There are 2 protein chains.
Amino acid sequence: MFIKNLPHKTVERLSQYRRALLMILSKEKTHVFSHEIAQMLHITPVQVRRDLMLIGYSGNLRKGYDIKELIELIGKIIDSERGQRVAVVGLGNLGKAFISYFKGKRSKLSMIAAFDINPEKINRVFDGVPCYHINQLPEIIKQNNISIGIITVPSEQAPEIAESLVLSGIKGILNYTPKPLNVPAYVYLEEYDMITSLEKVAFFAKKNDERFK
Amino acid sequence: MFIKNLPHKTVERLSQYRRALLMILSKEKTHVFSHEIAQMLHITPVQVRRDLMLIGYSGNLRKGYDIKELIELIGKIIDSERGQRVAVVGLGNLGKAFISYFKGKRSKLSMIAAFDINPEKINRVFDGVPCYHINQLPEIIKQNNISIGIITVPSEQAPEIAESLVLSGIKGILNYTPKPLNVPAYVYLEEYDMITSLEKVAFFAKKNDERFK
DNA sequence: GTCGACATGTTAATAAAATCACATCAAAAA
DNA sequence: TTTTTGATGTGATTTTATTAACATGTCGAC
Ligand SMILES: NC(=O)c1ccc[n+]([C@@H]2O[C@H](COP(=O)([O-])OP(=O)(O)OC[C@H]3O[C@@H](n4cnc5c(N)ncnc54)[C@H](O)[C@@H]3O)[C@@H](O)[C@H]2O)c1
Ligand SMILES: NC(=O)c1ccc[n+]([C@@H]2O[C@H](COP(=O)([O-])OP(=O)(O)OC[C@H]3O[C@@H](n4cnc5c(N)ncnc54)[C@H](O)[C@@H]3O)[C@@H](O)[C@H]2O)c1
C-alpha cells in the first residue's frame, strides 16, 4: 500500500504507534482512543488523529480505533510487501544489544547476518543470527538480497564498511558510529549518536530546572 | 551563557557540530568553513551559518570559523557551568555500550555510577564506572547529586526505575526501553527506540529504491 | 587599484509540522 | 424523545524549521 508524501515525522510515529499498540494488544482490550495512544507517546490526541487520517484510517466514534486493524494497516504502509533483510556489521556491545532486542519482534524485517573480524565471534550464532567474517560481506549481502545494514564497528572502520555495503547493493544504512559517512543519494542514511541524545537531555533538564525553580 | 529560546533542532545540531569539530581538530587545521561542517552532517551550509548566528558566533570571512573557539562557545551554551552527573541503570549490553562509548569523551557530563541487580556486576568497576546494587540507587543519586539517568534495564522494570529516579531527585531521563514512561513535567524525558530508526530506514530505503529505479 | 571569486551574516520567503476550533456523530442519560 | 457527553475527522491557523536571496566583506590575480 502506498500513500504519497507521508511526512517524515508521521512515518516515525506510525512505527511508534505500532510498537505501543502491540504492547497493549490483548483479548480484553480490542479498541483504543486517540488520547490513550497520545498519552503513551507524550503527544497530543489531535496529532494521533491527524496521522491516522493521513493513512486513511477511520475509528469507531464510540469505541475508538480497532487495535488489530490499525496494527495491520500500519504494517501495510510502512513495511515492504516482500520484506526486507537486515545485517549488522560489528558484533560488539551495541551490535549484540540490537540483535537481542530485535529478536522475537514482529516483522517483515528479518535479521539475516552479522559480520565481525574477531575470530571468536565468527562462525557462531548469536541469538539466532549467524556471524560471518567481514570479508564475506559482499558475497553474503548479495546472496541473501540484504537491503539494510547497521554499522556498529569501531568508528575508524565505519567509512570502509559503508563503502563495502554500498558496493554490495545495500539500500539503507543505519550508522551508530560517530563518524560521518558519505553515501550516494540512492542509499538512505540515518545516523544516531547517543551522546547527542544525552546532551540534549542535559540541556533541557538544566533549562527545566531553572524554569520550575 | 544563556540564549533565550534556542530551537530544539539547533540544540541538537550544536551537539553534533561539536562532535564533528572535535574530530577534525588538529594543529594543522584550525579553521573550518560552513560548507565543510555541512557536508559532514549532511545538511546545508546555510543551516550551519544560521545556527551559529543564533548563538552569536562570527567567523572569519576568509578563513571560516575558528574550530577551537567554536567548540568552546558551544560548550558555554549547551553545557551546564557546574557540570552534570549521569548514571546508567542496567549494565547489560546497551548500558555497557553507552559507558564504553562515553569514556574519554569531553565533558561537563560525568558518568558517576551504574546500577544493576545482577550480583556478578555489583561492586565492580566497568570502564571506570562503579556498579552498585539497585537498592542503593536513591542514596547514591542524592549523595552525588546526579541529575541525569539513563535507563537500560529490561523493559518491564523501566517504570519502577523511572519512578525511583524521579523520587531521588533526577532532572532528566534518557529511556532506551520501549516501555513508555510517565514522569512529572519538571523532569525532561527523551525516549529512543532502535527499531523505530530501523523501520524508518526500511521505509525510506524502499521509497528511494522505487524513485531511483 | 579594481575586479572576480568566494566566504559570511541576515532578512525574507517557503515549507513542514503541530495545534486550534469546530462540525459531526453515536450512545447514554434524562 | 430529547439532551448531554465525549469521541472522531478535518479545514484553518499558528508555530517551527528550512531554504532562498542577497548585501557585505576579504583577498588574490591581473
Ligand atoms: N552512536 C552511539 O549511540 C554509540 C553508542 C555506543 C557505541 N557507539 C559506537 O558504536 C561502535 C561500536 O560500539 P561497541 O560498544 O559495540 O564497540 P565494541 O568494541 O564492543 O564492538 C565493536 C565490534 O566490531 C568488531 N570489528 C572491529 N573491526 C571490524 C571490522 N573491520 N569489520 C567488522 N567488525 C569489526 C569488533 O571485533 C567488535 O566486535 C563504536 O564505534 C562506538 O563508538 C556508538
Ligand atoms: N531502545 C533501544 O534502542 C534498545 C536497543 C536494545 C535494547 N533495548 C532495550 O534496552 C534494555 C536493555 O537491553 P540490553 O540488551 O542491554 O539487555 P540486557 O539483558 O543485556 O541488560 C539488562 C541489564 O539490566 C539488569 N537488570 C535487570 N533488572 C534490573 C533491575 N530491576 N534493576 C537494575 N538492573 C536490572 C540486568 O541484570 C542486565 O544487566 C531492554 O529493555 C531492551 O529491550 C532497547
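Quick note on labels: first sequence line is chain A, next is B, and so on, each numbered from 1. Since the structure is predicted, the reported quantities are computational estimates derived from the model, not experimental observations.
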Hey, where on DNA chain D does chain B first and last touch, going 5' to 3'? Cut-off is any atom under 4.0 Å from a heavy atom.
->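 Here the contact window of chain B covers dA17(D) to dC27(D).
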
Sort and list the pairs that fulfil ring pair (Phe, Tyr, Trp, His ring centres under 6.0 Å) and have at least one residue in residues 6-25 of chain B, not counting sequence neighbours.
->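 Those involving residues 6-25 of chain B are F204(A)-H8(B).
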
Quick one: ring pair (Phe, Tyr, Trp, His ring centres under 6.0 Å) pairs with a partner in residues 77-111 of chain B, sequence neighbours left out?
->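 Listed once each, the pairs would be none.
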
Do H42(B) side-chain atoms and E190(A) backbone N/O form a donor-acceptor pair below 3.5 Å?
->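 No, because the side chain of H42(B) does not come within donor-acceptor range (under 3.5 Å) of the backbone of E190(A).
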
Sugar-phosphate only, base, or nothing, as touched by T10(B) at under 4.0 Å among non-hydrogen atoms |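 T10(B): no heavy atom of the nucleic acid under 4.0 Å.
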
Using side-chain contact (heavy atoms from CB on, under 4.5 Å) as the criterion, list what pairs up with S100(B), not counting sequence neighbours.
->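 For S100(B), the residues satisfying side-chain contact (heavy atoms from CB on, under 4.5 Å) (neighbours in sequence not counted) are N93(A), D127(B).
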
side-chain contact (heavy atoms from CB on, under 4.5 Å) partners for A114(B), two or more places apart =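 A114(B): side-chain contact (heavy atoms from CB on, under 4.5 Å) contacts with L91(B), I99(B), V129(B), C131(B).
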
I146(B) and A87(B): which non-hydrogen atoms are nearest, and at how many Å?
->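 The pair with the smallest heavy-atom distance is CG2-N, 3.8 Å.
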
Let me know the distance between [atom1] of [X] and [atom2] of [N], rounded to the nearest Å.
X	N	atom1	atom2	result
R49(A)	dA18(C)	CZ	P	15 Å
L54(A)	dA16(C)	CG	P	14 Å
I43(A)	dA17(C)	CD1	C1'	12 Å
Q47(B)	dT10(C)	CD	P	16 Å
H31(B)	dT8(C)	NE2	P	11 Å
D51(B)	dT8(C)	CG	P	14 Å
F33(B)	dG9(C)	CZ	P	12 Å

Any salt bridge (Lys or Arg N to Asp or Glu O under 4.0 Å) pairs touching residues 35-53 of chain A, not counting sequence neighbours?
->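 Those involving residues 35-53 of chain A are R13(A)-D51(A), K29(A)-E36(A).
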
Residue of the set L70(A), I71(A), I77(A) for which side chain to side chain contact (heavy atoms under 4.5 Å, CB included) holds with I74(A) |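 Among the candidates, only L70(A) passes.
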
Please collect all side chain to side chain donor-acceptor pair (under 3.5 Å) contacts where either partner lies in residues 144-154 of chain B, sequence neighbours excluded, each pair once.
->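 Output for this query is empty, none listed.
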
Which residue pairs pass the side chain to side chain donor-acceptor pair (under 3.5 Å) test with at least one member in residues 58-76 of chain B, sequence neighbours excluded?
->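 Qualifying pairs: Y57(B)-E69(B).
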
Strand contacts (DNA chain C) in residues 68-75 of chain B, 4.0 angstrom heavy-atom criterion |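 Output list: empty, so none.
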
In residues 161-180 of chain B, what donor-acceptor pairs under 3.5 Å come from side-chain atoms, sequence neighbours left out?
{"unit_1": "S168(B)", "atom_1": "OG", "unit_2": "S164(B)", "atom_2": "O", "d": "2.7"}
{"unit_1": "N175(B)", "atom_1": "OD1", "unit_2": "T177(B)", "atom_2": "N", "d": "2.9"}
{"unit_1": "N175(B)", "atom_1": "ND2", "unit_2": "T177(B)", "atom_2": "O", "d": "3.3"}
{"unit_1": "N175(B)", "atom_1": "ND2", "unit_2": "K179(B)", "atom_2": "O", "d": "3.1"}
{"unit_1": "N175(B)", "atom_1": "ND2", "unit_2": "E191(B)", "atom_2": "OE2", "d": "2.8"}
{"unit_1": "Y176(B)", "atom_1": "OH", "unit_2": "Y192(A)", "atom_2": "OH", "d": "2.8"}
{"unit_1": "T177(B)", "atom_1": "OG1", "unit_2": "V153(B)", "atom_2": "O", "d": "3.2"}

Strictly under 3.5 Å: I want the nitrogen or oxygen pairs between protein and nucleotides 11-14 of chain C, one per line.
{"unit_1": "dT11(C)", "atom_1": "O4", "unit_2": "R50(B)", "atom_2": "NH2", "d": "3.0"}
{"unit_1": "dA12(C)", "atom_1": "N6", "unit_2": "R50(B)", "atom_2": "NH2", "d": "3.4"}

What are the residues of residues 59-66 of chain B, sorted by number, that bring a heavy atom to within less than 4.0 Å of DNA chain D?
->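 Under 4.0 Å from DNA chain D: L61(B), R62(B).
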
Salt-bridge test for R18(A) and E199(B): reply yes if a basic N is under 4.0 Å from a carboxylate O, no otherwise.
->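 Yes, R18(A) and E199(B) are salt-bridged.
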
Over 12 foreign heavy atoms within 6.0 Å of CD, E12(B) =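 Yes.
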
